[in-house]
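One structure is given below, encoded as structure tokens.
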Amino acid sequence: MLFLASLCCFSACTSDAVYQAQKTIPAEGWHYKNDIVFEEFIPDSLSLYDIFVDIRNTTDYTYSNFFLFLEIDLPDGRSLRDTLELILADRRGQWTGRGFGYIRTNRFLYRQDVRFPAEGSYRFTLRQGMRDDLLTGISDVGISIQKK
């Protein structure tokens, strides 16, 4: 039941999604050496897109922020790398995002008005950037691409 409700939270935000995928983090945690990879074929290099990072965390998550390394491999062999700081709780310790019980879902805008330089397969690699070798409290991560 909780899984179905969580899935509805993710899918409710994506009516214009060209691509949306998420992966569940193992219950024991996300080891810093374990990359999460998404790959998508982008057929249109003329349109504008918004790219989002979706994070689902539990209220057992120890921190208020979450550092994430994002690498995008382009069809021509080039790579783009970014470090993102995602705020999961405000200064008072109140969780951001939507949800109920011990699960919270956040969607963070990564890039707005992106024009993909070429038609082809794009690979998105996510790596947790916290100082914990095994990070607990992050239950799912995802990428969403919406056409403008």
Quiz prompt | Side-chain (Thr96) to main-chain (Ile87) donor-acceptor, under 3.5 angstrom | solution = yes
Exercise. Give, for atom CZ of Phe100 and atom OG1 of Thr105, the distance between the pair rounded to the nearest 0.5 Å.
Key: 9.0 Å
Exercise. Using atom types as modelled and distance alone, determine if a side-chain donor or acceptor of Arg104 lies under 3.5 Å from a backbone N or O of Gly101.
Key: yes
Quiz item: For the atom pair CG (Leu70) and OG1 (Thr83), what is the distance rounded to the nearest 0.5 Å?
Solution: 9.0 Å
Quiz item: For the atom pair CG (Leu135) and CD (Gln128), what is the distance rounded to the nearest 0.5 Å?
Solution: 4.5 Å
Quiz item: About how many Å separate CD of Glu40 and CZ of Phe124, when rounded to the nearest 0.5 Å?
Solution: 8.0 Å
Self-check item: Test ring-ring contact (aromatic ring centres under 6.0 Å, His included) applied to Phe52 - qualifying residues, sequence neighbours left out
Solution: none
Quiz prompt | Backbone of Phe67 reached by a side-chain donor or acceptor of Tyr63 within 3.5 Å | solution = no
Quiz item: So do the side chains of Asp54 and Asn106 get within less than 4.5 Å of each other, counting heavy atoms only?
Solution: no
Practice problem: May I ask you to decide if Leu88's main-chain N or O and Ser64's side chain share a donor-acceptor pair within less than 3.5 Å? | Solution: no
Quiz item: Quick one: are Ile55 and Arg107 in side-chain contact, heavy atoms under 4.5 Å?
Solution: no
Quiz item: So, do Leu86 and Val53 sit near enough that their side-chain heavy atoms are less than 4.5 Å apart?
Solution: yes
Self-check item: Asp90 (side chain) donor-acceptor with Gln94 (main chain) under 3.5 angstrom
Solution: yes
Quiz item: Which residue pairs pass the side chain to side chain donor-acceptor pair (under 3.5 Å) test when at least one of the two sits in residues 26-35, sequence neighbours left out?
Solution: Asp35-Arg127
Practice problem: Determine whether Phe69 and Phe66 fall in the same hydrophobic cluster, where Ile, Leu, Val, Met, Phe, Trp and Tyr are linked whenever their side-chain heavy atoms lie under 4.5 Å apart. | Solution: no
Exercise. Return yes if some donor-acceptor pair links the side-chain N/O of Ser121 with the main-chain N/O of Phe41 below 3.5 Å, else return no.
Key: no
Quiz item: Shared ILVMFWY cluster between Val18 and Ile51, side chains joined below 4.5 angstrom?
Solution: yes
Quiz item: Looking at side-chain heavy atoms only, is the closest gap between Ile25 and Asp140 below 4.5 Å?
Solution: no
Quiz item: Who passes salt bridge (Lys or Arg N to Asp or Glu O under 4.0 Å) against Lys148, sequence neighbours left out?
Solution: Asp50, Asp113
Exercise. Check whether the side chains of Ser45 and Glu119 place a donor and an acceptor atom closer than 3.5 Å, and report yes or no.
Key: no
Quiz item: Between Ile145 and Ile42, does a side chain to side chain contact (heavy atoms under 4.5 Å, CB included) hold up when you go through it step by step?
Solution: CA-CA 10 Å; Ile145 302 171; Ile42 304 292; 4.1 Å; yes
Quiz item: Taking only residues at least two apart or on different chains, which pairs with a member in residues 72-83 satisfy salt bridge (charged side-chain N to carboxylate O under 4.0 Å, His left out)?
Solution: Glu71-Arg81, Asp76-Arg78, Asp82-Arg111
Quiz item: Going from OH on Tyr61 to OG on Ser139, what distance comes out if it is rounded to the nearest 0.5 angstrom?
Solution: 11.5 Å
Self-check item: Phe116: ring-ring contact (aromatic ring centres under 6.0 Å, His included) partners, not counting sequence neighbours
Solution: Tyr49, Tyr122
Exercise. Check the pair Asn65 / Met130 against side chain to side chain contact (heavy atoms under 4.5 Å, CB included), numbers first and verdict last.
Key: CA-CA 9 Å; Asn65 64 348; Met130 301 301 286; 4.0 Å; yes
Quiz item: Taking side chain as C-beta onward, heavy atoms only, is Leu134 less than 4.5 Å from Asp132?
Solution: no
Quiz item: Given Ile36, which of Ile143, Thr125, Leu126 fulfils the side-chain contact (heavy atoms from CB on, under 4.5 Å) condition?
Solution: Leu126
Quiz item: ring-ring contact (aromatic ring centres under 6.0 Å, His included): which pairs involve residues 76-97, sequence neighbours left out?
Solution: none
Self-check item: Transitive ILVMFWY side-chain link Val37 to Leu80, under 4.5 Å
Solution: no
Quiz item: Heavy atoms, side chains only, cut-off 4.5 Å: are Glu85 and Leu68 in contact?
Solution: no
